[in-house]
Amino acid sequence: VCDNENLVNGFLGAFPLTAVSNPGPAPVNFIDPTTGATYNKGFFQLLRRNVEGGPRNADFQHTQFRGVIGTKGDLGSAWSYDAFYQYGRTNYSQVYSNEFSVARLNNALDVVAGPGGTPICRSVRNGTDPNCVPYDIFGLNVTPAAINYLSAQGFQRAVISEQIANASFTGQLGEYGLKTPWADDGLAVNIGAEYRREALDLQTDNAFQTGDLTGQGAPTKPVSGSFKVTEFFGEAQFPIVDGGFIDKLSLSAGYRYSHYEISNGNKFNTDTYKFGVDFAPIKDISFRASYNRAVRAPNLQELFAPNIVALDGSTDPCAGFAITAADTGCLAQGLHVGQIVASNPAGQYNGLIGGTSTLRPERATTKTVGVILQPRFLPRFALTVDYYDIKIGSAIQGFGADAIVNTCTATADPTVCALIHRNPVNGSLWLTPDGFITDLSQNIGGVQTKGVDIAATYSHEIGNLGSLSLAFNGTYLDKFTIDNGLSTPYDCAGLYGSTCSTGQGGTPAAPNAKWRHKARASFNFNNGIGVSLQWRYFGPVHVDFSSTNPTLAGNFDAFSSRLGAQNYFDLATTFKLADHYNFRLGVNNILDRQPPLVTSGRADGTRNQCPTGPCNGNTYPAVYDALGRFIYAGITLDF
């Protein structure tokens, strides 16, 4: 009854034990309070969609407000100032309908004989729930009354707010003679301070908080917290040469100090800085390089999200077969020889996930080297090629539920295995909430990515008709190496799957194509009409289980072991009327190309390739056009 985005998930509950196998605890004698007779209750797995009631519906609403007030001006010939205050707020609400209630589902499946032998709920007989209607899962007699009884709604609301106060001063110190003989402009600096406060308050109703909604996978608890940060910053730009024996040479540098105060009482400081150089021997070509030390402080969810048992992992290497003495990693998790642990046909396993109030900022080192080509023989053309190397340390991430269970199974490491908590009776990691893997966020391991960004632009006047513009942006991903602090580091470039598409262990929540690009051709007529055609390309990716890396390697379904390259074409038109009106009409994915479909794992032991979260509807909607052709229209009014 509890279905996820891809397949029907298993639902576990205590129901009357009839002719159904019992993978859970042994039956227990219960006393019927009405008749005084004893009866047994057992556990069975119910795999059924609510086809009679229709799909679940989530109605999201976001209302945003933003206000800015500021002032800026000159303080003489060398100095200027800029100060502002900004307040932003987002009101969020969600109504989740057409769900099933866990409590009412238990009642509707606990059916006994009523007057004249008519099936009635036991809760009707004993008076605990006189409104209960039996849910006939074995026949074709699911009545509207049963659906109405089982249907439930959930409500959420939240307020997210941000306040920013900033003041800075910019100085052209060349006015004081701080410049070289080879440049017209001198040293330019910007110094200032900033205060920010961010707050989150999420409230959920009883249905969400208690986990009574069957399709949610876990309770949704209230979240509340805030932080404030005070920063001081400075930046400098120093032209060394500007024309003359070389075309350009300039240096740049920057520094920022931040002091964070968290509403839970924690405090920490961070430092960031950067250095850069731009060098152009001639006007046609220039080179640039930079070194940047950056930080990312934990966000409000990472700090304050409640710790709950929810869907997290996608594989259990100790499930689906009889444990033997040779399976030392499975035995280290508390399983015993001869035990058979039930696999989840939906490929979903529990993890203890949530925020960690003691998190510290993660740090990144970014190195870039690039070239810019603007040949004089081809006016209005520009090409930039930049190589980047970004390395994040003390990353805010969990080990990853799959990495934990796979490492324990392979090595029997007691420290790793201690993070696995199996149901003491059936050994499951999904049938009951007491079976889970501890996977809370920590400052562990890191991520390193390397690649090349390419961008090109060109424009040309076409007589008296208008102008043609061409633009191209592409990225080649050379490496995306993940170190989750537990298992062997692995490279997710060109891969997707249960590890390389889950966001676990620092990985992005999407397939990681080696090459992707956008190319656009636009023509703007002199009468105000504009037409553009865009080509979006996302390269092929292979399932991560096909990798030879021991952290990733595993069994996989060859049917969807490779997702082919995807090409999408978008058409957009604009029409400008006078100086204040701009109309837009467009079609994305003109050819209505359908997204590539991914398997969710099979009962024969094939491991999951469509992880819960980023994979929805058997595809990756954050990357591929899951809904096919999309038509839009809009208008902009300038006052």
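Given the structure is predicted, the values throughout are model-derived calculations rather than measurements.
- When each of Gln594, Gln566, Arg536 is paired with Asp625, the side chain to side chain donor-acceptor pair (under 3.5 Å) condition holds for Arg536 and for no other.
- Here the shortest heavy-atom pairing between Arg197 and Ala199 reads NH1-CB, 3.5 Å.
- Rounded to the nearest 0.5 Å, atoms CG (Leu352) and OG1 (Thr438) are 5.0 Å apart.
- Of the possible polar contacts, none joining the Asp129 side chain to the Arg104 backbone as a donor-acceptor pair under 3.5 Å is found.
- Atom CG of residue Leu213 and atom OG1 of residue Thr220 lie 8.0 Å apart, to the nearest 0.5 angstrom.
- Using a 3.5 Å distance cut-off with no hydrogens or angles, the side chains of Gln216 and Glu99 do pair a donor with an acceptor.
- The minimum heavy-atom distance between Ala207 and Gln153, with the atom names listed, is CB-O, 3.6 Å.
- The CG atom of Leu419 sits 10.0 Å away from atom CZ of Phe436, with the distance rounded to the nearest 0.5 Å.
- For Phe100 and Tyr135, the gap between ring centers is short of 6.0 Å.
- Residues Tyr490 and Asp544 fail the side-chain proximity criterion, which asks for heavy atoms closer than 4.5 Å.
- Among all heavy-atom pairs drawn from Gln203 and Pro222, the shortest one is OE1-CB, 4.1 Å.
- Taking 4.5 Å as the limit, some side-chain heavy atom of Ile631 sits within range of a side-chain heavy atom of Val587.
- Residues Tyr92 and Gln94 bring a donor and an acceptor atom of their side chains to less than 3.5 Å of each other.
- The closest donor-acceptor contact from the side chain of Asp570 to the backbone of Asn589 lies under 3.5 Å.
- For the pair Asn443 (side chain) and Ser394 (backbone), a donor-acceptor distance under 3.5 Å is present.
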(request) Before giving the answer on side chain to side chain contact (heavy atoms under 4.5 Å, CB included), spell out for Leu486 and Ile444 the whole-Å C-alpha distance, their side-chain angles and the decisive distance to 0.1 Å. (result) CA-CA 9 Å; Leu486 182 67; Ile444 52 172; over 6 Å; no

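- Note on ring orientation: taking the six-membered ring where Trp is involved, the planes of Phe227 and Tyr260 are tilted (angle from 30° to 60°).
- Proximity of a side-chain donor or acceptor of Asn618 to a complementary backbone N or O of Val598 within less than 3.5 Å is detected.
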- Going through the checks in order, is the side chain to side chain donor-acceptor pair (under 3.5 Å) test met by Asn91 and Arg89? CA-CA 7 Å; Asn91 295 334; Arg89 170 173 171 155; 2.8 Å; yes

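- For the pair Thr356 (side chain) and Ser441 (backbone), a donor-acceptor distance under 3.5 Å is present.
- Looking at Ser224 and Phe304, their side chains never come closer than 4.5 Å, going by heavy atoms from C-beta outward.
- Residues Arg422 and Val341 are in side-chain contact: their nearest non-hydrogen atoms beyond the backbone lie under 4.5 Å apart.
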(message) Let's go through Val541 and Leu495 carefully: what are the C-alpha distance in whole Å and the side-chain angles of both, what is the deciding distance for side chain to side chain contact (heavy atoms under 4.5 Å, CB included) to 0.1 Å, and is it a yes or a no?
(response) CA-CA 5 Å; Val541 289; Leu495 301 178; over 6 Å; no

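- Put simply, the side chain of Ile437 does not reach to within 4.5 Å of the side chain of Tyr349, judged on heavy atoms.
- Looking at Tyr195 and Lys228, their side chains come closer than 4.5 Å, going by heavy atoms from C-beta outward.
- The shortest distance between side-chain heavy atoms of Thr551 and Asn406 does not fall below 4.5 Å.
- Side-chain atoms of Asn423 do not come within 3.5 Å of backbone N or O of Ser428 as any donor-acceptor pair.
- Residue-environment remark: CG (Leu637) exceeds the threshold of 12 foreign heavy atoms within 6.0 Å.
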Worked verdict on Asp402 versus Ser314 for side chain to side chain donor-acceptor pair (under 3.5 Å): CA-CA 7 Å; Asp402 289 346; Ser314 59; 2.6 Å; yes

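- Summarising the local packing, CG of Leu627 is surrounded by 12 or fewer heavy atoms from other residues, nucleotides or ligands at distances under 6.0 Å.
- A donor-acceptor pair is defined here as one N or O able to donate and one able to accept, closer than 3.5 Å; no such pair exists between the side chain of Asn588 and the backbone of Arg629.
- In terms of heavy-atom proximity, Ala158 sits nearest to Leu202 at CB-CD1, 3.6 Å.
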Pair Gln64, Arg66 - check side chain to side chain contact (heavy atoms under 4.5 Å, CB included), show working. CA-CA 7 Å; Gln64 297 176 325; Arg66 178 177 175 268; over 6 Å; no

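- Between the side chains of Glu231 and Ser258, a donor-acceptor pair is found at a separation under 3.5 Å.
- Judged by distance alone, the side chains of Thr210 and Asp212 never bring a donor and an acceptor atom under 3.5 Å apart.
- Note that CG of Asn148 and CG of Asn131 are 12.0 Å apart. Values are rounded to the nearest 0.5 Å.
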### Task
Go through the steps for Asp434 and Thr432 under the test side chain to side chain donor-acceptor pair (under 3.5 Å), then give the verdict.
CA-CA 5 Å; Asp434 61 353; Thr432 55; 2.3 Å; yes

**Request:** Could you please spell out the steps behind the side chain to side chain contact (heavy atoms under 4.5 Å, CB included) verdict for Val543 and Tyr496?
**Result:** CA-CA 5 Å; Val543 67; Tyr496 81 99; 3.8 Å; yes

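- With Ser263 contributing its side chain and Ser226 its backbone, the two residues share a donor-acceptor pair below 3.5 Å.
- No side-chain donor from either of Ser343 and Asp316 sits under 3.5 Å from a side-chain acceptor of the other.
- Looking at Gln442 and Phe399, their side chains come closer than 4.5 Å, going by heavy atoms from C-beta outward.
- With rounding to the nearest 0.5 Å, the separation of CD in Gln348 from CH2 in Trp430 is 9.5 Å.
- A distance-only check finds no donor-acceptor pair linking the side chain of Ser123 to the backbone of Asn107 [under 3.5 Å].
- Put simply, the side chain of Asp110 never gets that close to the backbone of Asn106: no donor and acceptor are under 3.5 Å apart.
- For the residue pair Ala218 and Ile308, the shortest heavy atom distance occurs at CB-CD1, 4.2 Å.
- The minimum heavy-atom distance between Asn512 and Arg516, with the atom names listed, is CA-NH2, 4.3 Å.
- Note that CD1 of Ile262 is 10.0 Å distant from OG of Ser357, once rounded to the nearest 0.5 Å.
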